[in-house]
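Only heavy atoms go into these numbers, but all of them, side chains included; no hydrogens, no water, no symmetry mates.
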Amino acid sequence: MMYLTEVSMWDVVKKQFRFKLKSFRGMFTSLIVLQIIGILLSLNGDGMSGGGSSSNFFSHTLTYYSGNVIFGFVMIWSFISAILMTTRGYRYDDYSFVTDKLTGHFSNILFLLAASFISGITILLANRVVILIIYLFQDNVSMTGQPLTFKGAVFGMIGITLYIFLLASFGYLAGSLVQISKIFIMILPVVVIGGIFYEARLTGDPSLVPNVFSFFGMEDSIILFMLKVLLVSGLSWVAAILSSMKLEVK
């Protein structure tokens, strides 16, 4: 007598997730390369100021360092990586398993969330590397800055992870729309960039982008910040999943 073994959806999602962690190593390699480039560029500092006495007995130069360059590179990486995961070659990897489109999307969500978490940790470490290099290889340097506490590190890692995951969600939605029709390659930039310029011309005050950033970045409560990011990301994922249902497997 033969029995059919019922495989739950969650079991398939977990198998696909583990498979993608192993097979998408190239994404993490590119992440490391971009962060190394970001570290090198960050050594020049984000800004500089200086001063001195009228008798030239004393002068000083202040150089400001941060991980903004590294963070910016990782944000771009997450957006592009999410788009790549919607392409045909990556989608066909899901059919190595007994699966459907929904399980493929869920495993992609888990993968991008894990990748965002890993990126959040590495950004904090890369920022410390910048400070360490400056301290070890520059002479006559007096460093000051905000001390990194355990609470600050945890909250910072959560915030960075959510920002990366949010942009990855936008990238996944954009990639899903492009897979439906290549015309979205032109429509999406026109809508976003054109909307910014139209608002600036109409109101004389281009506040769309600052308002978007302030909606997330000016939130004082970490709980509300998490809810905002998860809500917007969730809507992006729902839209991406619904749009991908129109794609046929060929």
Side-chain angles (χ1 to χ4, degrees), residues 9-10 13 16-17 20-21 24 27-28 30-31 71-91 93-94 99-120 123 157-196 199 207-219 221-248:
M9 178 180 175
W10 178 240
V13 170
Q16 287 184 336
F17 170 64
K20 289 173 181 178
L21 283 178
F24 294 173
M27 287 188 179
F28 294 105
S30 61
L31 171 65
F71 180 64
F73 279 172
V74 174
M75 293 287 280
I76 296 172
W77 168 85
S78 66
F79 186 80
I80 295 176
S81 297
I83 292 177
L84 290 175
M85 292 187 69
T86 64
T87 57
R88 181 177 299 178
Y90 282 89
R91 291 202 317 270
D93 287 340
D94 292 336
T99 182
D100 56 21
K101 291 182 180 180
L102 197 57
T103 56
H105 287 301
F106 286 159
S107 63
N108 287 340
I109 293 174
L110 289 179
F111 174 81
L112 289 175
L113 185 59
S116 300
F117 177 73
I118 294 172
S119 302
I123 286 176
M157 184 180 64
I158 293 174
I160 293 172
T161 298
L162 290 176
Y163 272 124
I164 296 171
F165 184 69
L166 177 64
L167 203 63
S169 302
F170 292 156
Y172 198 86
L173 174 58
S176 298
L177 293 175
V178 170
Q179 294 305 310
I180 295 176
S181 175
K182 301 303 180 184
I183 195 173
F184 281 103
I185 296 177
M186 295 184 296
I187 292 177
L188 292 177
V190 168
V191 170
V192 175
I193 300 175
I196 295 174
E199 184 206 20
S207 59
L208 178 61
V209 175
N211 286 342
V212 172
F213 279 105
S214 63
F215 176 75
F216 296 103
M218 299 302 292
E219 182 57 63
S221 172
I222 186 65
I223 302 298
L224 290 178
F225 171 74
M226 292 175 62
L227 291 176
K228 287 180 179 181
V229 172
L230 294 177
L231 176 61
V232 176
S233 299
L235 292 175
S236 299
W237 282 100
V238 170
I241 292 172
L242 292 177
S243 62
S244 71
M245 294 304 176
K246 297 182 179 181
L247 291 174
E248 295 181 358

May I have the step-by-step check of side-chain contact (heavy atoms from CB on, under 4.5 Å) for L31 and F73, ending in yes or no?
CA-CA 9 Å; L31 171 65; F73 279 172; over 6 Å; no
Does F111 form a side-chain contact (heavy atoms from CB on, under 4.5 Å) with Q16? I'd like the steps, not just the answer.
CA-CA 9 Å; F111 174 81; Q16 287 184 336; over 6 Å; no
Atom of A82, atom of A168 and distance for their closest heavy-atom approach
CB-O, 3.0 Å
Can you tell me how far the OG atom of S116 sits from the CE atom of M157, to the nearest 0.5 Å?
12.5 Å
For V178 and I185, which heavy atoms make the closest approach, and how far apart are they?
CG1-CG1, 3.6 Å
From CG (L102) to CZ (F106), nearest 0.5 Å:
4.0 Å
side-chain contact (heavy atoms from CB on, under 4.5 Å) evaluation trace for F71 with Y163:
CA-CA 10 Å; F71 180 64; Y163 272 124; 3.9 Å; yes
Closest non-hydrogen atom pair between S243 and L177, with its separation
CB-CD2, 4.1 Å
Enclosure of F28 CZ (heavy-atom neighbours >12, cutoff 6.0 Å)
yes
Under 6.0 Å from the CG atom of L231, do we count more than 12 heavy atoms belonging to anything else shown?
yes
With rounding to the nearest 0.5 Å, note down the distance linking OG in S169 to CD1 in I164.
11.5 Å
How long is the straight-line distance from CZ of F79 back to CG of L166, given to the nearest 0.5 Å?
11.0 Å
Could you report the tightest heavy-atom contact between G120 and I160, atom names first, then the distance?
CA-CG2, 3.7 Å
If you measure from CG on N108 to OG1 on T103, what distance do you get to the nearest 0.5 Å?
9.5 Å
Mind listing the closest non-hydrogen atom pair of H105 and W237 along with its distance?
O-CZ3, 4.2 Å
S236 vs Y172, side-chain contact (heavy atoms from CB on, under 4.5 Å): CA-CA, chis, key distance, verdict:
CA-CA 8 Å; S236 299; Y172 198 86; over 6 Å; no
Please identify each residue that fulfils ring-ring contact (aromatic ring centres under 6.0 Å, His included) with F17, with sequence neighbours left out.
none
What is the minimum heavy-atom distance between L162 and V229, and which atoms define it?
O-CG1, 3.4 Å
Would you confirm whether W77, through its side chain, and S119, through its main-chain N or O, come within 3.5 Å as a donor-acceptor pair?
no
Between CE of M85 and NZ of K20, what distance do you get to the nearest 0.5 Å?
5.0 Å
